[in-house]
Amino acid sequence: MLELIDWAGVGFSALWILGLSVNVAALGLADYRRASTGYRLRDVWAEPGYQLAHNAGMMLVCLGLIGSARASWEQIIWGALVVAFAVFGWQAYRARR
């Protein structure tokens, strides 16, 4: 049977695109909050809610890039970054509560 579409590649690409869109949305919301409150963007972005969104988005980006990595050492590095962003996200979640 002839496979015309690499569905695994499509799925992994969808993950990193989704991750980038989560980061862009969080940055847009942080910028809106900055403009409406007068705080600096750095201060708004450092809040746990925005950090949670950022780390979740970066986790999705790294998960997507695991699938497009050719060499095993690349997959190991992307996997380590997934774990790191998961830990940072968990810390932001705990700080938010």
Side-chain angles (χ1 to χ4, degrees):
M1 186 163 117
L2 183 62
E3 287 288 327
L4 297 178
I5 297 177
D6 177 22
W7 289 107
V10 170
F12 282 115
S13 294
L15 280 175
W16 72 259
I17 291 170
L18 178 65
L20 284 180
S21 66
V22 166
N23 275 316
V24 169
L27 187 59
L29 287 172
D31 186 52
Y32 174 76
R33 180 140 186 259
R34 176 209 54 86
S36 64
T37 61
Y39 294 135
R40 294 185 322 167
L41 182 61
R42 178 182 301 184
D43 296 333
V44 174
W45 189 249
E47 293 176 6
Y50 294 107
Q51 285 299 301
L52 179 61
H54 169 66
N55 289 315
M58 289 307 295
M59 239 174 61
L60 289 171
V61 168
C62 292
L63 281 171
L65 292 176
I66 284 175
S68 65
R70 299 283 183 220
S72 60
W73 63 268
E74 289 176 307
Q75 292 175 340
I76 291 170
I77 290 173
W78 289 120
L81 285 172
V82 167
V83 171
F85 283 119
V87 169
F88 295 148
W90 178 253
Q91 290 172 348
Y93 175 74
R94 301 258 317 180
R96 191 168 173 228
R97 294 176 63 203

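Keep in mind the model is a prediction, meaning the values are calculated, not measured.
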[Y] side chain reached by [X] side chain, heavy atoms, under 4.5 Å:
| X | Y | value |
| --- | --- | --- |
| Ser68 | Phe12 | no |
| Tyr93 | Pro48 | no |
| Leu60 | Trp16 | no |
| Trp45 | Arg34 | no |

Looking at every non-hydrogen atom in both residues, tell me the closest pair between [X] and [Y] and how far apart they are.
| X | Y | result |
| --- | --- | --- |
| Tyr39 | Val44 | CB-CG2, 3.8 Å |
| Leu65 | Trp78 | CD1-CH2, 3.4 Å |
| Gly49 | Arg96 | CA-CD, 3.9 Å |
| Leu81 | Cys62 | CB-SG, 3.7 Å |
| Asn23 | His54 | OD1-ND1, 3.0 Å |
| Leu20 | Val61 | N-CG2, 3.7 Å |

Query raised in the report: Atom CD in Gln91, atom CG in Leu52: separation rounded to 0.5 Å?
Result: 11.5 Å
Query - Criterion salt bridge (Lys or Arg N to Asp or Glu O under 4.0 Å) on Arg33 and Glu47, from CA distance to verdict - result: CA-CA 11 Å; Arg33 180 140 186 259; Glu47 293 176 6; 2.5 Å; yes
Query raised in the report: Do Phe85 and Trp90 share a hydrophobic cluster, counting only Ile, Leu, Val, Met, Phe, Trp and Tyr and linking them when any side-chain heavy atoms are less than 4.5 Å apart?
Result: no
Query - Verify same cluster id: Val83, Leu15 (apolar side-chain graph, 4.5 Å) - result: no
Query raised in the report: Does the Ser13 side chain pair with the main chain of Val10, one donor and one acceptor, at a distance under 3.5 Å?
Result: no
**Report entry** Donor-acceptor pair, side chain of Asp31 and main chain of Leu27, under 3.5 angstrom
**Finding:** no
